[in-house]
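Computed from a predicted model, the values in this text were never measured in an experiment.
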Amino acid sequence: MHPIQVLAVTGGKGGVGKTSISVNLSLALAQLDKRVVLMDADLGLANVDILLGIKAQRTIADVLSGECELRDIMVASHGINVIPASSGVQSLVTMGPSQHAGIVHAFSELADELDVLVIDTAAGISDSVVSFVRAAQEVLVVVCDEPSSMTDAYALIKLLHRDCQLQDFRIVANMTRSPDEGKNMFNRFAGVAGRFLDVNLRYAGDIPYDETLRKAVQRQRPTLDAYPGSKAAGAYRRLAKEVSQWPVRTEATGQMEFFVERLVQGMS
């Protein structure tokens, strides 16, 4: 099986721009000729479809109930395939054993059809978020320059380190006002984390504050598509290039099986 990169985008709290980064990073990776699947893993409040302006006829709920296969619900948009979540379906937040088996089967069939799986997690530190993050190979934590963002990101990393033994995290600074602000933000965050946690934090870059981000959301189009010449679009392309150069971890059972196995363990 060819190497598959599994990347979870998370942030510890809402409002940090996590979904915008997930969507635009996915598009930028596709522009690098990667076969990208973007999974909306916010099983309580789906919003990837809103940013892409798509209307999903079926969602992950239909796969878990056995009504269809995973590829049947995927929606092609802007060069990527999207796995829609199910807004407000509370039963999906706590999956049962049969649903676990459904997820294993679904992803196993998908393995040969993608190079990168980007998972847009829910906000917060719920069991669902922890399960998806611990199953990924790379964890991209989104922070912005406000105390609650830093505090919640720290709490998430602490929890994942303590309960799941995760040590490696990539940090992206969002909505920065200058080229130096993101790096300074990371240095402050890493300084605090380094004193209290035995984790490895790496700086993945920054996404500058850009008025086109708000305009793109209003138009229900990704920034990379609606405003390809914007500062933010350029930053997303740089981030995608950075991500594409990260080594893909290889497991004995293959990357997708490894992801699904850890995902199911985390949800059990």
Side-chain angles (χ1 to χ4, degrees), residues 4-11 17-30 34-65 68-89 92-93 95 99-124 126-142 222 240 243 248 254-267:
I4 299 168
Q5 191 171 32
V6 183
L7 171 66
V9 182
T10 190
K18 172 184 56 60
T19 299
S20 182
I21 287 177
S22 298
V23 168
N24 285 285
L25 173 59
S26 295
L27 265 63
L29 285 167
K34 301 288 186 181
R35 295 176 299 171
V36 182
V37 171
L38 170 59
M39 180 179 185
D40 189 345
D42 191 339
L43 301 181
L45 190 65
N47 52 16
V48 163
D49 53 345
I50 295 173
L51 287 187
L52 284 169
I54 59 177
K55 287 184 171 59
Q57 301 301 314
R58 291 183 162 185
T59 69
I60 196 75
D62 299 302
V63 177
L64 296 174
S65 66
C68 61
E69 296 182 355
L70 192 58
R71 62 169 55 86
D72 296 329
I73 72 167
M74 288 197 301
V75 181
S77 177
H78 298 86
I80 65 173
N81 282 312
V82 179
I83 300 175
S86 302
S87 290
V89 182
L92 285 187
V93 180
M95 297 185 196
Q99 293 170 318
H100 291 163
I103 269 208
V104 171
H105 179 69
F107 276 99
S108 296
E109 290 195 336
L110 194 66
D112 289 330
E113 301 174 23
L114 77 158
D115 301 310
V116 185
L117 173 63
V118 178
I119 304 165
D120 180 42
T121 73
S126 67
D127 290 344
S128 170
V129 172
V130 172
S131 294
F132 279 109
V133 171
R134 75 183 292 276
Q137 297 167 347
E138 297 284 358
V139 183
L140 189 63
V141 181
V142 181
V243 170
V248 179
Q255 290 75 24
M256 188 53 68
E257 284 88 344
F258 177 69
F259 162 71
V260 173
E261 181 182 300
R262 291 193 61 169
L263 176 62
V264 171
Q265 286 174 352
M267 290 185 169

Give the minimum heavy-atom separation between A30 and G79, together with the two atoms involved.
-> CB-O, 3.6 Å

Side-chain heavy atoms of D49 within contact of V82, under 4.5 Å | no

Measure across I119 and A41 and return the closest heavy-atom pair with its distance rounded to 0.1 Å.
-> CG2-CB, 3.5 Å

Can you measure from CG (L7) to CG (L25) and round to the nearest 0.5 angstrom?
-> 6.0 Å

Is there side-chain contact between E138 and V243, with at least one heavy-atom pair below 4.5 Å?
-> no

Kindly compute the distance separating CD1 (I73) from CG (N81), expressed to the nearest 0.5 Å.
-> 11.0 Å

Quick one: which of V6, I80, L29, V248 gives a side chain to side chain contact (heavy atoms under 4.5 Å, CB included) with V116?
-> L29

Taking all non-hydrogen atoms of both residues, which atom of Q137 and which atom of Q5 are closest, and how far apart?
-> OE1-CA, 3.4 Å

When you measure from the side chain of D115 to the backbone N and O of R35, does any donor-acceptor pair fall under 3.5 Å?
-> yes

For T10, check side-chain hydrogen bond (donor to acceptor under 3.5 Å, both in side chains) against everything at least two apart and list the hits.
-> T121

One should read off an interatomic distance between L70 CG and M39 CE, to the nearest 0.5 angstrom, of 7.5 Å

Heavy-atom side-chain contact between L52 and P222 under 4.5 Å = yes

Nearest 0.5 Å please: distance from the CE atom of M74 over to the CD atom of E69.
-> 10.5 Å

Which residues satisfy the side-chain hydrogen bond (donor to acceptor under 3.5 Å, both in side chains) test with R58, sequence neighbours excluded?
-> none

From L38 atom CG to N24 atom CG, the distance as rounded to the nearest 0.5 Å = 10.5 Å

Nearest atoms (heavy-atom pairs only) where L114 meets I4 | O-CG1, 3.8 Å

Tell me, please, which residues at least two apart from S22 pass side-chain hydrogen bond (donor to acceptor under 3.5 Å, both in side chains).
-> D120

